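All figures in this text were calculated on a predicted structure; none of them were measured in a lab. What's counted below: heavy atoms across the whole structure, side chains too, no hydrogens, waters or symmetry copies. Just so we're on the same page: letters track the sequence lines, and every chain starts at 1.
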Amino acid sequence: MAVRLTERDTCLLVKCALCRWLTTDQLQRLYFPEATLNAVQKRLRKLADAGYLRSYREHPTAESFHAAGPKGAPLVKEKGVAAMAASDVPRQAEHLWGVNEVRLAVELASMPVVYFFAYWELADLGWRFPVIPDTVFAVRTPGRRTFLGEYDRGTETLDKLLVKLRRYADGLEGFPFDAVLIVTEESRRLDLLAKEIRREGLTVPVLVSTLEAIRQTGLFDAEFVELPRRTPRKIFENNDEEAID
DNA sequence: TAATCAGACTCATTACTCGC
DNA sequence: GCGAGTAATGAGTCTGATTA
């Protein structure tokens with residue numbers, strides 16, 4: 001059966017191309033906030049059957065991931081977006097999911113987004129620094145605030161994260177930023193991180209929160225912990241620095 | 001048992017055709 | 001050009017199948 005593409009379908013395909021893989025739940029929050037999960041699944045199934053989407057499930061009770069399909073890519077191109085080549089199955093699915101969760105948290109917040117890029121987009125944008133953050137984004141508050149984002153599943157060694165933080169502390173020449181935001185799946189790493197940051201004397205502002213906290217209250221209302229002092233604060237609280245414009 | 005998806009069914013909306 | 005009728009499709013609910 002032919003599918004009549006709606007404006008929402010096109011936006012959805014563009015977003016899938018940008019994000020590589022998005023889950024049914026993520027697409028529901030973005031494009032079907034009023035619809036039931038069943039209705040969302042049905043629409044996505046239809047788009048997949050018609051070749052506009054590609055869907056992948058790890059096992060029958062797992063949530064589906066969706067990427068732009070063969071018929072979706074040309075439509076995405078028409079919109080001026082370079083279609084990101086998604087692999088046959090989502091690689092590092094949990095990490096990809098987490099990075100896209102941060103993207104949704106930023107984009108669904110009420111604050112105007114200047115830009116948001118995930119690590120897979122940065123190379124094409126001429127990112128020239130030896131360290132590649134999971135996300136880079138800027139919002140207008142009304143001054144521009146720029147953040148580097150790391151999604152920490154706790155599966156990577158602390159050393160790897162610290163290497164990145166050291167590089168951020170050294171500064172990215174010509175790319176000033178306000179803080180490094182670390183979003184973790186669990187808060188257990190806080191103690192270790194705080195200890196290491198204090199031991200190394202890193203001066204880069206580091207704010208840590210959990211994915212659950214962000215999903216509950218939204219990114220900019222969520223409680224973060226500023227390391228190494230472990231001071232609780234929201235992103236735009238207690239920030240004495242002038243916004244970069 | 002719980003989570004997810006597929007299929008059947010129904011209703012609403014939109015696009016198209018045709019007669020006036 | 002306009003309105004009525006019809007077909008196609010979107011969107012919703014409900015139920016069942018599947019499997020970790």
* For the residue pair Trp127(A) and Phe129(A), does the interplanar ring angle fall in the parallel (under 30°), tilted (30 to 60°) or perpendicular (over 60°) class? -> perpendicular
* Roughly, in whole Å, what's the span from CZ in Phe32(A) to P in dT13(C)? -> 14 Å
* Side-chain N,O (Ser64(A)) to OP1/OP2 (dT4(B)) below 4.0 Å -> no
* Structure fact -> In terms of heavy-atom contacts, Ala68(A) and Cys16(A) come closest through N-CB, 3.9 Å
* Give a yes/no answer on whether the side chain of Lys46(A) brings an N or O atom under 4.0 Å of OP1 or OP2 in dT9(C). => no
* **Rounded distance in Å - CZ (Arg43(A)) to C1' (dG10(C))** => 6 Å
* Does any donor atom in the side chain of Thr24(A) or His66(A) lie under 3.5 Å from an acceptor atom in the other side chain? -> yes
* Asked: Leu44(A) CG to dG7(B) P: how many Å, rounded?
  -> 15 Å
* Structure fact -> Against the side chain of Ala39(A), the closest entry in dT13(C), dG10(C), dC5(B) is dT13(C)
* **Length of the CZ-C1' vector between Phe65(A) and dC5(B), whole Å** => 16 Å
* To do: Mind calculating the distance between CZ (Arg8(A)) and P (dG10(C)) to the nearest angstrom?
  => 10 Å
* To do: May I have the distance from Gln28(A) (atom CD) to dA11(C) (atom C1'), rounded to whole angstrom?
  => 13 Å
* Tell me: CG of Asp25(A) to C1' of dT4(B), nearest whole Å? -> 12 Å
* To do: Describe the nucleic acid contact of Arg45(A) in one word from base, sugar-phosphate, nothing, applying a heavy-atom distance below 4.0 Å.
  => base
* Asked: Think Thr24(A) has a side-chain N or O under 4.0 angstrom from the OP1 or OP2 of dC5(B)?
  -> yes
* Structure fact -> Rounded to whole Å, the CG-P distance (Leu47(A) to dC5(B)) equals 14 Å
* Asked: Looking across every strand, which nucleic acid part, if any, lies under 4.0 Å from Gln41(A) by heavy atom: base, sugar-phosphate, or nothing?
  -> base
* Does the separation of the ring centres of Tyr119(A) and His95(A) fall below 6.0 angstrom? -> yes
